[in-house]
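First the structure, in the form of structure tokens, and then the observations on it.
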Amino acid sequence: PLSSRCCGPSSAGPAMNCRAEVLEVSVEGRQVEEAMLAVLHTVLLHRSTGKFHYKKEGTYSIGTVGTQDVDCDFIDFAYVRVSSEELDRALRKAVGEFKDALRSSGSDGMGQISLEFYQKKKSRWPFSDECIPWELWTIKVNVVNLANEQERQICREKVGEKLCEKIINIVEVMNRHEYLPKMPTQSEVDNVFDTSLKDVQPYLYKISYQITDSLGTSVTTTMRRLIKDTLAL
Amino acid sequence: AMDTDLSSQDRKDLDKFIKFFALKTVQVIVQARLGEKICTRSSSSPTGSDWFNLAIKDIPEVTHEAKKALAGQLPAVGRSMCVEISLKTSEGDSMELEIWCLEMNEKCDKEIKVSYTVYNRLSLLLKSLLAITRVTPAYRLSRKQGHEYVILYRIYFGEVQLSGLGEGFQTVRVGTVGTPVGTITLSCAYRINLAFMSTRQFERTPPIMGIIIDHFVDRPYPSSSPMHPCNYRAGEDNGTVYPSVEDSQEVCTTSFSTSPPSQCVFTVTKAHFQTPPPVVTDTLKVPVMGLAFSHQLSSSRLSYQPAALGVGSADMGYPVVFAGGLNAAHPHQLIGPGKEGGVPPVPSQPAHGTQADQERMCTPLEGVHYSAATPSSSEDTETVSNSSDGKCGSPHDLLETIFIRKVGAFVNKPINQVTMANLDIPFAMFAPKNVELEDNDPMVNPPESPETESPLHGSLHSEGSSGSSTGNTHDDFVMVDFKPAFSKDDILPMDLGTFYREFQNPPQLSSLSIDIGAQSMAEDLDSLPEKLAVHEKNVKEFDAFVETLQ
């Protein structure tokens, strides 16, 4: 979900245990969605479990996660995602908003989309719950414009190869077996996992994005500067 | 030492995990090379038979081969389980593409909890394997198999043999899991030479044929691994082929406990399934997904005529083809179905008994033929295979999945004329096609592109050409084999290339012409005093706006 799922603002900056990974891709405009979905789905494949079913005495059993292949239309590439239509819809919505924002920002499409995994830490009233990120994936995107069909064809292949490398990078990170939240008790499960989906259970996550202009600053400040400069004349 | 030795229960559990992990690894790899998209369902209610909480189907024949290779042993130091993926052309030449290795090294992690952490990490490793199997070059090759080549697998246990991969092969590590008895490592070594050729297939540069000269392999390792022909054994009178289920299927029921944290209650129950009387029909229903069985085609190696075969086999109506290969040391063949109904031709030396096999198998095959498996047998299949929820995973649904055709990266292109195959150059089909072949390639000349049917189309074309020939009209426009999105338009039914050429040189905009430009400028100048007056009136508002920006 693009909107924040936690009750209070995230702690400023990454928390102590939050590992951050950054991936960069250069793609054509029409490849943005598929490239983002490929990366996000691959990360979530590794960060989703089956639904937990708690039984008495604090034991629980885990449901089954199915997977399916997805072929890209604009990239010579295929990836595996979790079989969950709800999850796919959520990601598509976020990526669609990101793509639209990139497009409306002008021809120099540069931006980044972030997938953050967090834990909720309940605080006593009147303080709101804290969201503590423990893993942050950032995908920096650079949108290129191509002049003719031949370049587009090469781009299809090149971006496909690049995405293969990204998948290998993601798997490397996953294999480090670094910090993962402890398996929660039944009362704590919503502080660690997103239990709202009916067939799978990803760790709590949120997706956000930022569009940068060619100078590397955010759009708001640039617009303000432009208006000020113009009126100063 | 202070660390406690592995309890016997933990040891038993760990051995079981490793065994089933090995079997699932093989399933994932082989299924990823069948040439079709895989789809399994998530299920929120655990059935207890999905190892590692993942829905990975068990193709019985593959399990059987894996168990045979392992022969009751587990991967250990110096004893690795390897899945070799190779490619075999219609000429009979074969080449190793990948070796997937499941190895064990001595680095032990005594502290780790077997029934909890190891289990979950093995599950994570399987997910990584699912992802990685799609990014090595052989994946794309396997999606396009059918007419010119097929993909085969072979499982062996023992020492890893990488020499068949040629020079400069690359390795990708899928992951590792530490256990108290050693660290499990899963990796893939893959050939890169052929990958270079296949992605450049349609470029007009000549291939570097010199690279792959080391691939002529009949069987380099004749005795080191259990070899078996793909066909079902002739002479098994009772029709027993591969038992589709063991006598006792071990079911994994895992419960995890959170209090005290990280403890796990793990129970394994042996469920004794009623083994259905092994009948050829039943076992064939699952492998029809495109696995090895032999079907004797009436073509000999030397007199291969693709055209004739194409016509004849199209009548058969089902796309699967198998290697009649009857090299004794023949790896299992995987073929994906559905390449426009053609049957990939296969060289073969007629072997005795296959005739009988053919007769035996024709009937069940025709019976299966894309209808759902009969309820009773499909239930059996489902209890056997580790699918929790049979809907997406039942043979019937998997058959449906087979025919998902998507425009884009992996559309299969039926090459009607495999003229290159008649040449003696091995792997000649991977040499770039010349222009005539491309003309017949529906990807280059999309069949939906209308000829001169629509009146609009006709009026835009003075010559009435089909407009999708390969780049012989405009040099700067190269038609490449992809289907641009939105290229089909109801209003203007022409393909992108035609559109582009037609509208390349539009007439000048009228507002850009001098006369009209001068006219509007004069109007602008006249209206200036009025505009200035208005702005002066609103000076206060503008100032306020500027204030907000400070």
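Computed from a predicted model, the values in this text were never measured in an experiment. As a basis for the values below, the full set of heavy atoms in this structure was taken, side chains included, without hydrogen atoms, waters or symmetry mates. Letters A, B, ... mirror the listed sequences (proteins, then strands); counts begin at 1.
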(message) Under 4.5 Å from any heavy atom of chain B, what part of V65(A) do you find: side chain, backbone, both or neither?
(response)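 Its backbone and side chain both get close to chain B.
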(message) Heavy-atom cut-off 4.5 Å, strictly under: side chain, backbone, both or neither for H177(A) against chain B?
(response)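 H177(A) touches chain B through backbone and side-chain heavy atoms alike.
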With respect to chain B, which residue among [options] yields the maximal number of heavy-atom pairs within a distance under 4.5 Å?
options: Q68(A), Q201(A), H46(A); value: H46(A)
options: L197(A), L180(A), I168(A), T42(A); value: I168(A)
options: D199(A), V80(A), I167(A), V171(A); value: V171(A)

Value rounded to 0.5 Å, distance of [atom1] in [X] from [atom2] in [Y]:
X: Y79(A); Y: Y139(B); atom1: OH; atom2: OH; answer: 12.0 Å
X: T176(B); Y: N175(A); atom1: OG1; atom2: CG; answer: 4.0 Å
X: L87(A); Y: S42(B); atom1: CG; atom2: OG; answer: 9.5 Å
X: L45(A); Y: L54(B); atom1: CG; atom2: CG; answer: 8.0 Å

(request) Could you check if a side-chain atom of N53(B) sits within less than 4.5 angstrom of a side-chain atom of T49(A), using non-hydrogen atoms only? (result)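 N53(B) does not reach T49(A) side chain to side chain.
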(request) Please test H53(A) against S45(B) for side chain to side chain donor-acceptor pair (under 3.5 Å), starting from the C-alpha separation and ending with a verdict. (result) CA-CA 8 Å; H53(A) 296 273; S45(B) 26; 5.7 Å; no
(request) Examine distances only and state if a side-chain atom of S83(A) and a backbone atom of T40(B) form a donor-acceptor pair shorter than 3.5 Å. (result)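 The answer is yes, because a donor-acceptor pair under 3.5 Å joins these two groups.
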